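Order of the sequence lines sets the chain letters (A, B, ...), proteins ahead of strands, with each chain counted from 1. Remember, it's a predicted structure, so these values are computed and weren't measured experimentally. Hydrogens, waters and symmetry mates are skipped; everything else that's a heavy atom, side chains included, is used.
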Amino acid sequence: MSLDQSQISLTFPDGNARAYAAGITPAEVAADISNSLAKKAISATVNGAHWDLQWPIQTDASIAIHTLKDDAQALELIRHDCAHIMARAVQELWPDVKVTIGPVIDNGWYYDFDRAEPFTPEDLGAIEKKMKDIINLRDAVRTEVWDRDVAVKYYEDRNEPYKVELIEAIPGDEPLRMYWHGHWQDLCRGPHLQHTGQVPADAFKLMSVAGAYWRGDSNRAMLQRIYGVAFKNKEDLRKYLNMLEEAAKRDHRKLGREMDLFHMQEEAPGQVFWHPNGWTIYTTLQDYMRRRQRAYGYVEVNTPQVVDRKLWEASGHWDKYQENMFIVEVDEEHAREKAINALKPMNCPCHVQVYNQGLKSYRDLPLRMAEFGACNRYEPSGALHGLMRVRGFTQDDAHIFCTEDQIEAETAKFIEMLSGIYKDLGFESFDIKFSTRPDVRAGSDEVWDKAEAALEAAIRTVTDDFELDPGEGAFYGPKLDFKLTDAIGREWQLGTFQADFVLPERLDATYIGEDGAKHRPVMLHRAILGSFERFLGILIENFAGKLPFWLAPRQVVVASIISDADPFVHEVVAALQKAGIRAEADTRNEKINYKVREHSVGKVPVILAIGMKEVEDRTVTVRRLGEKQTKIVTLEEIVAQLSAEGTPPDLA
RNA sequence: GCCGCAGUAGCUCAGUGGUAGAGCGCACCCUUGGUAAGGGUGAGGUCGGGAGUUCAAUCCUCCCCUGCGGCACCA
């Protein structure tokens with residue numbers, strides 16, 4: 001475009017172009033447009049790349065100048081500069097602390113430090129205060145491009161071994177950018193704000209300190225990671241902190257206690273003692289899943305818990321996962337050696353045993369074998385987390401034995417089943433991730449071609465909107481993962497669908513084909529809820545304990561207002577129970593206010609209050625959870641209404 | 001598993017080198033009250049487990065267990 005080599009043409013978002021000298025910086029461009037823009041500018045986008053105001057532009061380009069109004073760029077820069085400002089604050093407070101890396105993450109940033117003493121909550125306060133001082137200095141940001149040798153020497157001289165290692169990991173042809181504000185400096189690819197004063201001093205907060213391995217490697221040093229959050233203004237920060245409070249209120253461990261759903265105790269870490277209320281949800285959900293599976297042509301089986309190591313050796317689990325299995329040794333009196341068994345960590349090898357009983361014909365395929373399989377895995381102690389990560393759990397597991405030609409139809413059918421179930425359980429949408437062949441894999445390329453094509457074609461019958469994750473498939477086959485988003489925007493990976501060409505081989509599963517010869521079936525591993533334990537945790541948090549009526553463990557409390565109403569209360573409870581509703585009477589010597597409060601806190605969806613007026617009219621006053629107003633209906637009406645509501649979605 | 005923090009009544013939490021306290025809940029009594037806590041009385045604790053220091057440990061030290069927040073892991 002430009003006639004003169006020293007001239008370049010910059011095109012603005014409105015389509016206008018202007019000529020500038022090559023090497024001009026976005027800061028200068030902004031100044032050329034207006035003084036106020038020059039002041040407000042924070043960064044630019046140049047040919048699609050997020051660009052520091054100080055970086056020169058050498059060629060024709062599209063350019064957009066950003067201000068704090070551009071959320072994505074503003075937040076990125078604010079959080080990024082917060083990371084540096086925090087590192088500077090830490091080194092000003094404790095000069096011997098070594099710095100490492102500090103990336104931007106959702107809502108904020110973290111920075112990893114190497115320091116002998118742990119950071120305390122008081123330290124965080126001091127760092128925060130120091131950060132505010134630094135912001136108030138309004139130090140201009142400079143970036144410099146350095147030679148590697150100079151940079152390495154610089155960091156060696158300053159005893160910053162982590163930085164030296166980082167530089168050594170940067171490919172040789174990339175420039176090393178040094179970022180300075182004031183006298184303090186950090187290695188960083190940028191971009192950055194114009195000066196530290198552009199970071200809002202009242203819209204960030206240091207949240208926590210935690211250990212983190214250097215470069216994510218558990219064999220390397222444990223560093224101290226400080227997490228912070230930052231926003232454009234105080235109000236956004238406040239909203240975020242409120243959201244955290246909201247999430248804490250939904251914590252399934254807290255609600256589990258309050259609603260008397262389950263408990264855990266130290267004699268059985270990572271395992272659940274389900275109380276009547278929790279077990280009611282569990283079995284209601286399981287009954288529902290069992291009906292769905294039947295409707296989709298699955299047969300249900302049940303297989304042993306304690307299985308000889310021989311089977312795990314054959315399946316390959318003994319080699320790979322022995323550390324994570326519960327081992328059960330039995331010392332039999334006349335045996336030469338102890339019998340070594342493992343609690344099953346998964347169901348698939350057992351399902352192949354069921355499959356292998358008797359000869360299978362191609363006419364038997366696809367054979368969809370389901371089990372609510374109770375599994376135990378010795379998860380690392382630090383991984384345990386309420387119901388979300390446990391050592392004893394039950395999967396809604398199934399394996400579909402089929403031919404390669406049946407993969408596509410089975411995949412499509414599975415996605416249909418899964419989306420119906422998620423919808424029934426209150427989750428309207430989900431995302432699909434499609435993981436294809438990894439570098440190290442079993443099976444021929446032809447089989448992989450076929451399997452990947454089949455999976456992809458099957459997804460496309462449902463949606464074109466899926467995320468491709470190349471190379472992330474299991475070594476035995478490609479897979480689909482299903483993620484759903486909960487009521488407060490968190491994502492949970494739940495369902496999975498994996499094609500497996502290896503296990504049928506290892507455990508010698510066969511079928512007789514039309515040609516009369518033996519063939520190898522493909523195994524499709526699939527789960528929709530994953531584990532019941534985890535899914536119930538997610539369900540509780542998604543609904544903040546206010547489960548849909550059909551799943552609510554306590555559906556109705558019929559509460560008397562005065563004792564003279566007690567006989568009618570019991571009559572109403574009996575009528576509701578007869579209609580299959582989980583109803584209980586509350587005829588305690590308490591005021592109606594007290595009863596309403598207690599059952600509201602207990603998340604009971606419907607309270608029926610009964611005083612003398614109701615007794616005379618044979619009516620009930622209905623109060624729904626979360627609603628203030630009440631409604632008077634007849635006994636017959638409420639029974640009909642609630643039994644309709646209590647019908648599981650697949651039976652409605 | 002690793003780093004840090006924590007563990008006191010059923011729950012939430014206060015507290016002290018001389019073997020403990022509140023609120024809620026629970027039991028009993030009074031109260032029969034119309035939609036988010038009526039009043040009174042009372043019971044309830046091996047202060048996570050073990051060892052050590054000390055005349056004396058719930059408190060200080062060490063080890064272990066469990067939990068919490070991350071990291072690593074998640075067939």
So do the side chains of A/Tyr162 and A/Asp114 get within less than 4.5 Å of each other, counting heavy atoms only?
yes
Is there a Watson-Crick or G-U wobble partner for B/rG45 with both distances under 3.5 Å, and which nucleotide is it?
none
Given the P atoms of B/rC64 and B/rG45, what is the spacing between them in whole Å?
31 Å
C1' spacing across the pair B/rA9 / B/rA14, given as an integer number of angstrom:
13 Å
NA contact type, A/Arg257, heavy-atom cut-off 4.0 Å: base, sugar-phosphate, or nothing?
sugar-phosphate
Among B/rG34, B/rC2, B/rA75, the one nearest any side-chain atom of A/Asn324 is B/rA75
Quick check for you: among B/rG34, B/rG70, B/rC26, whose closest atom lies nearest to any side-chain atom of A/Tyr594?
B/rC26
A/Ile562 side-chain proximity, nearest of B/rA37, B/rC11, B/rU32
B/rU32
Protein-nucleotide distance (A/Glu590, atom CD; B/rG34, atom P), rounded to Å:
14 Å
Which part of the nucleic acid, if any, lies within reach of A/Ser560 when heavy atoms closer than 4.0 Å are counted: base, sugar-phosphate only, or nothing?
nothing
Could you please name the partner base of B/rG17, counting Watson-Crick and G-U wobble pairs only when both distances are under 3.5 Å?
none
Take atom CG of A/Asp112 and atom C1' of B/rG70, then tell me their distance rounded to the nearest Å.
11 Å
Heavy atoms only, 4.0 Å cut-off, all strands: where does A/Lys628 land among base, sugar-phosphate and nothing?
sugar-phosphate
Rounded to the nearest Å, what distance is computed from the CD1 atom of residue A/Ile610 to the P atom of nucleotide B/rU35?
16 Å
For B/rA56, the nucleotide meeting Watson-Crick or G-U wobble distances (both under 3.5 Å) is none
Quick one: which of B/rA37, B/rA72, B/rA75 gets closest to the side chain of A/Pro380?
B/rA72
Watson-Crick or G-U counterpart of B/rA22, or none if no pair lies under 3.5 Å:
B/rU12
What's A/Met388 touching, base or sugar-phosphate or nothing? Going by heavy atoms closer than 4.0 Å.
nothing
Using whole Å, report how far CG of A/Leu608 lies from P of B/rU35.
16 Å
Any salt bridge linking A/Lys433 with A/Asp431? Criterion: basic side-chain nitrogen under 4.0 Å from a carboxylate oxygen.
no
Grab the CD-C1' distance between A/Gln271 and B/rU66 for me, whole Å please.
14 Å
Give me the distance, rounded to whole Å, that separates B/rC47 from B/rC60 when you measure between the P atoms they each carry.
15 Å
Residue matched to B/rU61 through Watson-Crick or wobble contacts both under 3.5 angstrom
B/rA51
So does A/Arg389 reach the base of B/rC74 with its side chain, donor to acceptor, closer than 3.5 Å?
yes
Protein-nucleotide distance (A/Tyr227, atom OH; B/rG70, atom P), rounded to Å
7 Å
Identify whether any heavy atom of A/Gly216 sits under 4.0 Å from a base atom; if not, whether one sits that close to sugar-phosphate; answer base, sugar-phosphate or nothing.
sugar-phosphate
Taking the six-membered ring for Trp, are A/Phe372 and A/Phe532 ring centroids under 6.0 Å apart?
yes
Polar side-chain contact A/Tyr378-B/rG1 base: donor and acceptor under 3.5 Å:
no
On a whole-Å scale, what distance lies between the P atoms belonging to B/rG40 and B/rA56?
44 Å
Kindly state whether the pair A/Tyr321 / B/rA75 counts as stacked, where counting means centroids closer than 5.5 Å and planes tilted less than 30° apart.
yes
Under 4.0 Å, heavy atoms only, any strand: does A/Gln322 hit a base, just the sugar-phosphate, or nothing?
nothing
Please name the nucleotide paired to B/rG67 by Watson-Crick or G-U wobble geometry with both distances under 3.5 Å, or report none.
B/rC5
Per the atom types in the model, does the base of B/rC68 pair as donor or acceptor with the side chain of A/Arg253 at under 3.5 Å?
no
Taking B/rC59 as the reference, what is the distance to B/rG1 when you measure between their P atoms (whole Å, please)?
25 Å
Contact class for A/His385 vs. all strands (heavy atom < 4.0 Å): base, sugar-phosphate, or nothing?
sugar-phosphate
Electrostatic pair A/Arg115:A/Asp96 at N-O distance under 4.0 angstrom:
no
A/Met346 side chain: which of B/rG34, B/rA75, B/rG38 is closest?
B/rA75
Electrostatic pair A/Arg588-A/Glu598, nearest N-O below 4.0 angstrom
yes
Rounded distance in Å between the C1' positions of B/rC11 and B/rC26:
12 Å
The nucleotide from B/rG69, B/rA75, B/rC26 with an atom nearest the side chain of A/Arg588 is B/rC26
Would you call A/Arg490 and A/Glu541 a salt bridge, using N to O less than 4.0 angstrom?
yes
For residues 387-401 of chain A, please give each side-chain donor-acceptor pair under 3.5 Å, one per line with the distance, not counting sequence neighbours.
{"unit_1": "A/Arg389", "atom_1": "NH2", "unit_2": "A/Glu379", "atom_2": "OE1", "d": "2.9"}
{"unit_1": "A/Arg391", "atom_1": "NE", "unit_2": "A/Glu379", "atom_2": "O", "d": "3.0"}
{"unit_1": "A/Arg391", "atom_1": "NH2", "unit_2": "A/Glu379", "atom_2": "O", "d": "2.8"}
{"unit_1": "A/Thr394", "atom_1": "OG1", "unit_2": "A/Tyr282", "atom_2": "OH", "d": "3.2"}
{"unit_1": "A/Gln395", "atom_1": "OE1", "unit_2": "A/Asn347", "atom_2": "ND2", "d": "3.2"}
{"unit_1": "A/Asp396", "atom_1": "OD1", "unit_2": "A/Leu529", "atom_2": "N", "d": "3.1"}
{"unit_1": "A/Asp396", "atom_1": "OD1", "unit_2": "A/Gly530", "atom_2": "N", "d": "2.9"}
{"unit_1": "A/Asp396", "atom_1": "OD2", "unit_2": "A/Ile528", "atom_2": "N", "d": "2.9"}
{"unit_1": "A/Asp396", "atom_1": "OD2", "unit_2": "A/Leu529", "atom_2": "N", "d": "2.9"}
{"unit_1": "A/Asp397", "atom_1": "OD2", "unit_2": "A/Asn347", "atom_2": "ND2", "d": "2.9"}
{"unit_1": "A/His399", "atom_1": "ND1", "unit_2": "A/His351", "atom_2": "ND1", "d": "2.8"}
{"unit_1": "A/His399", "atom_1": "NE2", "unit_2": "A/His525", "atom_2": "ND1", "d": "3.2"}

By nearest atom, which of the nucleotides B/rG34, B/rU32, B/rG33 is closest to the A/Ser563 side chain?
B/rU32
Whole angstrom is fine here: how far is it from CZ in A/Phe326 over to P in B/rA75?
17 Å
What interatomic distance, in whole Å, is found between P of B/rG4 and the corresponding atom of B/rG42?
48 Å
With a 3.5 Å cut-off and heavy atoms only, can you find an N or O donor on one side and an acceptor on the other between the side chain of A/Ser208 and the base of B/rG4?
no
What nucleotide among B/rA75, B/rA37, B/rG34 has an atom nearest to a side-chain atom of A/Pro345?
B/rA75
Which is true for A/Ala210 with a 4.0 Å heavy-atom rule: it touches a base, it touches only sugar-phosphate, or it touches nothing?
base
Does the structure show a Watson-Crick or G-U wobble partner for B/rA75, both distances under 3.5 Å? Name it, or say none.
none
Provide, to the nearest angstrom, the distance between the CD atom belonging to A/Glu598 and the P atom belonging to B/rA37.
12 Å
Sole residue of A/Thr496, A/Asp469, A/Thr411 in side chain to side chain contact (heavy atoms under 4.5 Å, CB included) with A/Leu480:
A/Thr411
Between B/rC71, B/rA72, B/rU66, which one does the side chain of A/Glu266 approach most closely?
B/rU66
Test: A/Glu472 and A/Arg437 ion pair at under 4.0 Å:
no
Nearest to the side chain of A/Pro269 - B/rG70, B/rG33, B/rU66?
B/rU66
Does A/Arg623 make a side-chain donor-acceptor contact with the base of B/rA36, cut-off 3.5 Å?
yes
Using the P atom as the point on both nucleotides, what is the distance between B/rU12 and B/rG17, in whole Å?
26 Å
